[in-house]
Amino acid sequence: MAKLIFHVVQLILLLAIVSSTTDDGENFARTIDRKLLGLQRKEKLTHFKVYWHDILSGPNRSSIMIQPPVTNSTYFGGINMIDNALTAKVTRNSTLLGQAQGFYAGAAQKELGFLMAMNFAFKTWKYNGSTITILGRNTAMSEVREMPIVGGSGLFRFARGYVEARTKWVDLKTLDATVEYSCYVLHY
């Protein structure tokens, strides 16, 4: 009898273990306290200005075409991968603040319009190691282009906001360009 009770207890424990480890997918998400992620603090609005250097020519290119365009008039279908310097001033040899890493793709057939997907990875001051992510439409011939900030990391965790892009310089022969990015970031 003791042996039977022992085996019944073993079976019950085994069934309890098996039933507790099966996951039907209902427990993949749960609500957590905002304070665990430091979100009890007041949100801040940070503004900064950087200069984005897209260099397509020479030995130290920062922008590489990985897919040629279907049409050269609007660059539709073309894709460039970038690792562009972000500097404090218009000149390329001014203080390096970080890198713009990502890609832009010709996404408009009737105008020069790009899909921009890039991270601004900061390398200086208290923002070292922090990023913001920009994803949006850039109509390059417009004087001012606005694109959303869709996230970030480090000091910009849970970031949102927008950037305004203004072309400061372009070489029509090589298509090298410098663009001012004025960034407005809400973050904790």
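One is the number of the first residue; the rest follow in order along the sequence.
- A donor-acceptor pair is defined here as one N or O able to donate and one able to accept, closer than 3.5 Å; such a pair exists between the side chain of Asp171 and the backbone of Lys173.
- The distance from the CG atom of Asp83 to the CD atom of Gln99 is 4.5 Å, given to the nearest 0.5 Å.
- His53 has its side chain out of reach of Lys168: every pair of non-hydrogen atoms, C-beta onward, lies at least 4.5 Å apart.
- No side-chain heavy atom of Arg166 sits under 4.5 Å from any side-chain heavy atom of Val179.
- Glu180 has its side chain within reach of Lys49: a pair of non-hydrogen atoms, C-beta onward, lies under 4.5 Å apart.
- Annotation: side chain of Phe103 is in contact with side chain of Leu115 (closest heavy-atom distance under 4.5 Å).
- Lys44 has its side chain within reach of His187: a pair of non-hydrogen atoms, C-beta onward, lies under 4.5 Å apart.
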Item to complete: Could you please spell out the steps behind the side chain to side chain contact (heavy atoms under 4.5 Å, CB included) verdict for Asp54 and Ile82?
Response: CA-CA 8 Å; Asp54 195 41; Ile82 63 168; 3.8 Å; yes
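- Asp33 CG: more than 12 foreign heavy atoms inside a 6.0 Å radius.
- For Phe120 and Tyr181, the distance between ring centers is under 6.0 angstrom.
- Aromatic ring centres of Phe122 and Phe48: separated by under 6.0 Å.
- No side-chain heavy atom of Thr95 sits under 4.5 Å from any side-chain heavy atom of Lys89.
- Under a 3.5 Å cut-off, the side chain of Thr74 and the backbone N or O of Ala108 do form a donor-acceptor pair.
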Practice prompt. Evaluate the criterion side chain to side chain contact (heavy atoms under 4.5 Å, CB included) for residue pair Arg160 and Leu186; output intermediate values, then yes/no.
Written response: CA-CA 5 Å; Arg160 65 187 194 282; Leu186 278 168; 3.9 Å; yes
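- Residues Tyr104 and Asn80 meet the side-chain proximity criterion, which asks for heavy atoms closer than 4.5 Å.
- Between Glu146 and Tyr162, the side chains place no donor N or O within less than 3.5 Å of an acceptor N or O (distance only, hydrogens not considered).
- Between Tyr184 and His47, the ring-plane angle classifies as tilted under the 30° and 60° cut-offs.
- Arg145 and Glu111 are not joined by a salt bridge, as no carboxylate oxygen comes within less than 4.0 angstrom of a charged side-chain nitrogen.
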Worksheet entry | Worked verdict on Ser63 versus Asn84 for side chain to side chain contact (heavy atoms under 4.5 Å, CB included) | CA-CA 7 Å; Ser63 181; Asn84 291 347; 4.3 Å; yes
